[in-house]
Every structure is written in C-alpha cells, then in structure tokens.
Amino acid sequence: MGQHGEHRALVKTGALFIALAVGGAAVDAAECRLALLLAMDVSSSVDAAEDALQRNGIVAALISPEVEAAFFASDLPVALAVYEWSGRYNQEVLLDWTVIDSRAKLVGAAEALAASKRSHNDFPTAMGYALGYGAGMLERGPACLAKTLDLAGDGQNNEGFSPAQAYAEFPFDGVTVNGLVVNGADYEAETGLIAFYKGQVIRGPGAFVEIANGFEDYERAMRRKLERELTPPVMGLLRAGTDPKGL
C-alpha cells in the first residue's frame, strides 16, 4: 500500500472510531442562531498549571460582561458545547449541547466547566482526530443558522491524520473553524504555530486565529474570541468598522 493509501486507511479507521465515540442521538432541532463548539487542548505539552489557566480562563470568559452581552445580543439563542482533546482516541465531552437562552443557563454552563476534571495528560496532539470528533458533535447538535468549531492548542499536529485530511473526510460543509493559538513568543510575533493555524487549521468564510501570549493570557484571548464570534454579524461590522473577515 502506498503512502496515500496508508493515510486514507488511517483516516477511515479514525472516522469509524470517532463515529462510535461521539454516538448519541441528535439533539432536537432548536431555534438558535449559532452552534458554538469549543475544543480545549489537554495534550502532554500542557502541564497541570497551564490546564488550570485555560480551564479557568474559559469559565471567566463565558461569564464576563462583554461575552454575556454578546450571547444575548439577538432574540435567537446560542447553543454551546465543549470538549477536550489530545491523542487519537482521547476526546472527552465537558459540556454537552446546551441552549443558552437565559443567564442562568450561561452560569450553569460555566459552573459545569469549572467543576470539570482533566481526562488525559500524557497523549500527543492529534488535531485531525480532534476535528473529526468536533464534526460529529456538530452533526448531532441543534439545527442552528450557523456552526462554529473553535480549536485551541499550543502545538502543531504530531499524531494521526492532518487537518486537511479531516476536512476531506468529515462533514464540515457550512462549518466555520476558528483557532486559538497559545503562543510562547511575543503576542504579535508570526511564529510557526501561528502560521500553521492560519494555513492549515482555520476554515470557512471569516475564519480567524486569536492569539494568547502564553496560558496566562488565555482568559483575555478567549474573551476576545467569544465576543467576536457571538456578536451578530451586522452589529460586529458596525462596531469594528472593518471587513467582516477581520483578516
């Protein structure tokens, strides 16, 4: 079997595993404007202190005034789900699909994430599998007007198939994939990791990369990214005064 055949077999095997792992029946259709799925990196490059910073950062960002206002900037609610990922077969749902139609639902989602425990800490960075798993979750999620998957991480793919192969084999039609890069260099520096996310990870109209200058900056970056994603397009365009892609 040639190299391309081996890669295709790997993707097919991964797709079967992911389909079984995601499982479950589809959530009943709900009137929502956005299905937002957050994917958090718990690979071996993320130590315990860094994991606490990103976990607490997501929680703090979700209940910040700016993000809360963006959640409720429209009459149509947002559906939210969160999972963590690392190796090929190491994905864990932290928050299953929840329609955020009240402040109590938003606070409850944040509390569930605050109480979550890291599932794995010694596996590599299998981005293709992480993306495939996310595609499966979006498929069984609420029928919203738009779908966005956020892949956060501090390293490039180093196990399994590539993001490009995931996009070729899994259902990503109509899905925007944004990235949150945890960068060890200066905030504005164009490192290899940032270039990798821009060139190989983000996908779809208006997709963008948000940069955290280390895990200490995770909360700020997550808050900024969520506010940008959740603000209805017309409102966001008027406030920013720029191209809606923002690239």
Are the side chains of Asn121 and Val42 in contact, using a 4.5 Å heavy-atom criterion?
no
Treating Ile, Leu, Val, Met, Phe, Trp and Tyr as nodes and any side-chain heavy-atom pair under 4.5 angstrom as an edge, say whether Ile202 and Phe172 lie in one connected cluster.
yes
Stepwise side chain to side chain contact (heavy atoms under 4.5 Å, CB included) check, Tyr218 with Leu180
CA-CA 9 Å; Tyr218 197 97; Leu180 194 160; 4.1 Å; yes
Roughly how far, to the nearest 0.5 Å, is CG of Leu131 from CZ of Phe161?
8.5 Å
Do side-chain atoms of Ser74 reach the backbone of Leu76 as a donor and acceptor pair under 3.5 angstrom?
yes
Are any non-hydrogen side-chain atoms of Leu62 and Leu113 less than 4.5 angstrom apart?
yes
Of all heavy-atom pairs between Leu193 and Gly153, which one has the smallest distance, and what is that distance?
CD2-O, 4.4 Å
Establish whether Leu37 and Tyr129 are linked, either directly or via other cluster members, by ILVMFWY side-chain heavy-atom contacts under 4.5 Å.
yes
Steps toward side chain to side chain contact (heavy atoms under 4.5 Å, CB included) verdict (Leu38, Leu226):
CA-CA 10 Å; Leu38 308 181; Leu226 288 173; 4.2 Å; yes
Which pair of non-hydrogen atoms, one from Ile194 and one from Asn183, has the smallest distance, and what is that distance?
CD1-ND2, 3.6 Å
Using only atom types and a distance under 3.5 Å, with no angle test, would you say the side chain of Asn56 pairs donor to acceptor with the backbone of Ala52?
yes
Are the side chains of Ile100 and Pro77 in touch, meaning some heavy atoms are under 4.5 Å apart?
no
Would you say the side chains of Asn157 and Thr125 form a donor-acceptor pair under 3.5 Å?
no
Just verifying a value: how many Å separate Met222 CE and Glu210 CD, rounded to the nearest 0.5 Å?
9.5 Å
Flag side-chain contact, heavy atom, 4.5 Å: Arg33 against Cys144:
no
Taking Asp41 for its side chain and Asp154 for its backbone only, find out whether a donor-acceptor pair lies under 3.5 Å.
yes
Is a side-chain donor or acceptor of Glu50 paired with a backbone partner of Asp47 at a separation under 3.5 angstrom?
yes
So Tyr133 and Tyr83, would you call those rings parallel, tilted or perpendicular, with 30° and 60° as cut-offs?
tilted
Give the cluster check for Leu106 versus Val67: same hydrophobic cluster or not, with ILVMFWY residues linked at side-chain heavy-atom distances below 4.5 Å.
yes
Given the options Arg118, Glu84, Met40, Lys117, Glu92 meets side-chain contact (heavy atoms from CB on, under 4.5 Å) only with Glu84
Give, for atom OG of Ser45 and atom CD of Gln156, the distance between the pair rounded to the nearest 0.5 Å.
11.5 Å
Could you tell me whether a side-chain N or O of Gln200 sits under 3.5 Å from a main-chain N or O of Tyr197, the two making a donor and an acceptor?
no
Check the pair Glu216 / Val182 against side chain to side chain contact (heavy atoms under 4.5 Å, CB included), numbers first and verdict last.
CA-CA 9 Å; Glu216 295 80 3; Val182 184; over 6 Å; no
So is Arg103 actually on top of Phe72's ring, under 6.0 Å and inside 45° of the axis?
no
Does the side chain to side chain contact (heavy atoms under 4.5 Å, CB included) test come out yes or no for Leu151 and Met127, once each step is laid out?
CA-CA 9 Å; Leu151 191 73; Met127 280 189 180; 4.1 Å; yes
With a cut-off of 6.0 Å (strictly less than), are more than 12 heavy atoms of other residues, nucleotides or ligands near CG of Asp75?
no
Report yes if some heavy atom in the side chain of Leu149 is under 4.5 Å from a heavy atom in the side chain of Asn178; otherwise report no.
no
Under a 4.5 Å cut-off applied to non-hydrogen side-chain atoms, are Asp150 and Glu229 in contact?
yes
Taking every heavy atom of Gly128 against every heavy atom of Ala166, the minimum-distance pair comes out as O-CB, 3.6 Å
Taking Val209 as the starting point, is it possible to reach Ile58 by hopping between hydrophobic residues whose side chains are less than 4.5 Å apart?
no
Would you call Lys225 and Phe208 a side-chain contact if the rule is heavy atoms closer than 4.5 Å?
yes
One should read off an interatomic distance between Ser116 OG and Leu94 CG, to the nearest 0.5 angstrom, of 4.5 Å
Hey, is Glu219 close enough to Arg223 for a salt bridge, meaning N to O under 4.0 Å?
yes
For residues Thr176 and Arg203, is any side-chain donor paired with an opposing acceptor at under 3.5 Å?
no
Shared ILVMFWY cluster between Val46 and Phe196, side chains joined below 4.5 angstrom?
no
How close do Ala114 and Val59 get, heavy atom to heavy atom, and via which atoms?
N-CG2, 3.6 Å
I need the Ser102 OG to Lys105 NZ distance, nearest 0.5 Å.
5.5 Å
Closest heavy-atom pair and its distance - Gly87, Glu159
CA-OE1, 3.5 Å
Quick one: pull up OG in Ser43 and CG in Asp51 and give me the separation to the nearest 0.5 Å.
10.0 Å
Does Arg88 count as lying over the ring of Phe123, i.e. NZ or CZ under 6.0 Å from the six-ring centre, within 45 degrees of the axis?
no
Show the numbers, then the answer: is there a salt bridge (Lys or Arg N to Asp or Glu O under 4.0 Å) between Asp217 and Arg224?
CA-CA 11 Å; Asp217 192 39; Arg224 177 181 166 93; over 6 Å; no
